[in-house]
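Shown next, in C-alpha cells, is the structure this report addresses.
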Amino acid sequence: MNKETIKAFIAWLEEASLEEIRTHQAFVVENLKDVRTPEGRADAKLALRLIDEEILARMALNRSRRG
C-alpha cells in the first residue's frame, strides 16, 4: 500500500464502527487465499494488522474508561 492509501485506511478505521471493522476484517481474511502477488498479500496482512491495532486500542480505551 502506498502512503496515501495507508493514511486513508487509518482514517477510515478511526471513524468506522466496530461492526464495520469486523465486517472488513472478515472480508480480508476470507479473500486472502485468492491474492496471488506477494505485494497484494503484504497489503492484506498490513490491513489486518492495522485492524487488530485499532480493535486493541478501542478495548484499552473502554477498559480505562471503566476504571
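- Atoms CG and CE, on Asp43 and Met1 in that order, are 5.0 Å from each other to the nearest 0.5 Å.
- Leu61 and Leu56 fall into different hydrophobic clusters, where Ile, Leu, Val, Met, Phe, Trp and Tyr side chains are chained together by heavy-atom contacts under 4.5 Å.
- A distance of 5.0 Å separates CZ of Arg22 from CD of Gln25, quoted to the nearest 0.5 Å.
- Contacts of Arg41 classified as side-chain hydrogen bond (donor to acceptor under 3.5 Å, both in side chains), with partners at least two apart in sequence or in another chain: none.
- Put simply, CD1 on Ile21 and CD on Glu19 are 11.0 Å apart, with the number rounded to the nearest 0.5 Å.
- Across all non-hydrogen atoms, the minimal contact from Arg58 to Leu18 is NH1-N, 3.5 Å.
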I'd like a table of donor-acceptor pairs (distance under 3.5 Å, sequence neighbours excluded) in which one partner is a side-chain atom from residues 29-36, with atom names and distances.
residue, atom, partner, partner atom, Å
Glu30, OE2, Lys33, NZ, 3.2
Asn31, ND2, Phe27, O, 2.8
Lys33, NZ, Glu30, O, 2.7

Under 3.5 Å, side-chain donor or acceptor atoms of residues 7-17 against the rest of the protein: list the pairs with distances, not counting sequence neighbours.
residue, atom, partner, partner atom, Å
Ser17, OG, Glu20, N, 3.1
Ser17, OG, Glu20, OE1, 3.4

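- Note that CG of Leu46 is 13.5 Å distant from CD of Glu39, once rounded to the nearest 0.5 Å.
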